[in-house]
Amino acid sequence: MATQSSLALECAKARRRDLVRSKVLADYWALTKPEVNFLILIAIFAGFCLARPVESYDFPFLLLVHTLVGMLLVASGAGALNHFVERRFDTHMRRTARRPLASGRLEPVAVLWFGILLSCAGGIYLAMVVNALASLLAALTLLSYLFLYTPRKRRTPLCTLVGAFPGAMPPLIGWAAASGRLSFEAWMLFSMLFLGNSRTSWPLHGCIARTTSGRAIWFFLAGSEEFVSWLGRARFRLSL
């Protein structure tokens, strides 16, 4: 009888350890902001495809995968570091009070190192496997998001102008990864997204921000289709 009780107790402890472990993994997954990363990867994919020559038939799928993996690491690290930077402010808002770090389920030091390791790993991966330009742009995006945009969110509405810079960078990173350089068309794409991400430059920004993620993706893809047709005409003119 005592043996059965001890076995039942050990089973209960094992189940509790598994439950705690799964909750910790879920918290670390939430730190990376997977929904935001999904949209970032779509923007990088679009920029990568737009940078390929129209007459090219050998699409570099492996290079695309490496680019997405590297940027996923950088973006995940940025999300974790953002949680760390805003941990004190998150405790005062109902929407963010239940975040893993704000609620006290994770230690700040662990989250800090988690974000640093992911960001550094992603930057090094891009530099070694893709190219140095894509890695440099990823680092600029990370630094501007953490040290320029994030501290200004509670100080001035003009933070959207600052935040428009990292917000418009993913397609530029995809372009740099595919071609190894930034052409006039790449900067035109960046300018369109920069103005589109700014509330003061695009009155529809507030409406777009309040749509579901699916509608936001549809809007981006629809805009990309128009830009592809313009890009084809621009290349034709430049080739004359």
Side-chain angles (χ1 to χ4, degrees), residues 28-29 31-82 114-146 149 163-194 196-197 213-214 216-225 227-228 230-232 235:
Y28 275 100
W29 172 254
L31 287 176
T32 63
K33 300 187 177 182
E35 298 86 357
V36 177
N37 292 345
F38 177 68
L39 297 177
I40 291 174
L41 294 184
I42 288 179
I44 292 173
F45 174 78
F48 190 97
C49 293
L50 288 172
R52 298 300 302 167
V54 178
E55 65 277 2
S56 177
Y57 296 99
D58 52 339
F59 189 83
F61 287 101
L62 186 58
L63 180 61
L64 173 62
V65 172
H66 287 313
T67 303
L68 295 179
V69 169
M71 272 308 302
L72 180 60
L73 290 172
V74 175
S76 298
L81 292 174
N82 177 258
F114 178 67
I116 291 175
L117 289 175
L118 284 179
S119 302
C120 292
I124 295 172
Y125 187 88
L126 287 173
M128 295 181 62
V129 182
V130 182
N131 58 55
L133 180 57
S135 178
L136 176 62
L137 293 176
L140 289 176
T141 304
L142 171 71
L143 295 176
S144 62
Y145 172 68
L146 290 176
Y149 167 67
F165 176 80
M169 286 294 287
L172 207 61
I173 296 171
W175 194 293
S179 63
R181 62 189 181 89
L182 296 177
S183 62
F184 170 76
E185 296 91 344
W187 288 112
M188 284 295 297
L189 176 60
F190 172 82
S191 301
M192 292 172 61
L193 294 178
F194 179 84
N197 284 331
S213 58
I217 295 170
W218 176 85
F219 180 87
F220 178 80
L221 292 178
S224 298
E225 184 178 359
F227 183 76
V228 169
W230 174 86
L231 191 58
R235 286 185 175 180

### Message
Ignoring hydrogens, what is the shortest heavy-atom contact between A168 and P171? Give both atom names and the distance.
### Response
O-CD, 3.5 Å
### Task
Of all the heavy-atom pairs spanning W175 and R181, show the shortest one and how long it is.
CD1-O, 3.4 Å
### Task
Check the pair F190, F165 against side chain to side chain contact (heavy atoms under 4.5 Å, CB included), reporting the backbone distance first and the verdict last.
CA-CA 9 Å; F190 172 82; F165 176 80; 3.7 Å; yes
### Donor-acceptor under 3.5 Å (S119 side chain, I116 main chain)
no
### Task
Please round to the nearest 0.5 Å and tell me the distance separating atom NE2 of H66 and atom CE of M128.
11.5 Å
### Task
Can you see which heavy atom on A178 is nearest to which on R52, and at what distance?
O-NH1, 3.5 Å
### Task
Could you list the residues that satisfy ring-ring contact (aromatic ring centres under 6.0 Å, His included) with F114, not counting sequence neighbours?
Y28
### Query
Which is it for N82 and L31 under the side chain to side chain contact (heavy atoms under 4.5 Å, CB included) test, yes or no, and what are the steps along the way?
CA-CA 9 Å; N82 177 258; L31 287 176; over 6 Å; no
### Query
What is the distance from atom CE of M71 to atom CG of L142, rounded to the nearest 0.5 Å?
9.0 Å
### Query
So how far is it from T141 OG1 to I173 CD1, rounded to the nearest 0.5 Å?
4.0 Å
### Query
What do the steps show when you test V74 against L118 for side chain to side chain contact (heavy atoms under 4.5 Å, CB included), and what is the final call?
CA-CA 6 Å; V74 175; L118 284 179; over 6 Å; no
### Query
Which distance, rounded to the nearest 0.5 Å, do you find between the CD1 of I40 and the CE of M169?
12.0 Å
### Distance (rounded to the nearest 0.5 Å) between F45 CZ and L50 CG
9.5 Å
### Task
For the pair Y149 and Y145, name the ring-plane relationship: parallel under 30°, tilted 30 to 60°, perpendicular over 60°.
parallel
### Query
In Å and rounded to the nearest 0.5 Å, what is the CG to CE distance from L193 to M188?
11.0 Å
### Message
V65 and side chain to side chain contact (heavy atoms under 4.5 Å, CB included): which single residue from L63, T67, V69 fits?
### Response
V69
### Message
Please evaluate residues L189 and L172 with respect to the criterion side chain to side chain contact (heavy atoms under 4.5 Å, CB included), reporting the C-alpha separation (whole Å), side-chain torsions for both, the decisive distance (0.1 Å), and the verdict.
### Response
CA-CA 8 Å; L189 176 60; L172 207 61; over 6 Å; no
### Message
Tell me whether N131 contacts the main-chain N or O of L126 through its side chain, where contact means a donor paired with an acceptor under 3.5 Å.
### Response
no
### Query
Does the separation of the ring centres of F48 and F59 fall below 6.0 angstrom?
yes
### Query
Just by distance, do the side chain of N37 and the backbone of T32 share a donor-acceptor pair under 3.5 Å?
yes
### Query
Can you name the nearest heavy-atom pair linking L137 to A176, along with the distance?
CD1-CB, 3.7 Å
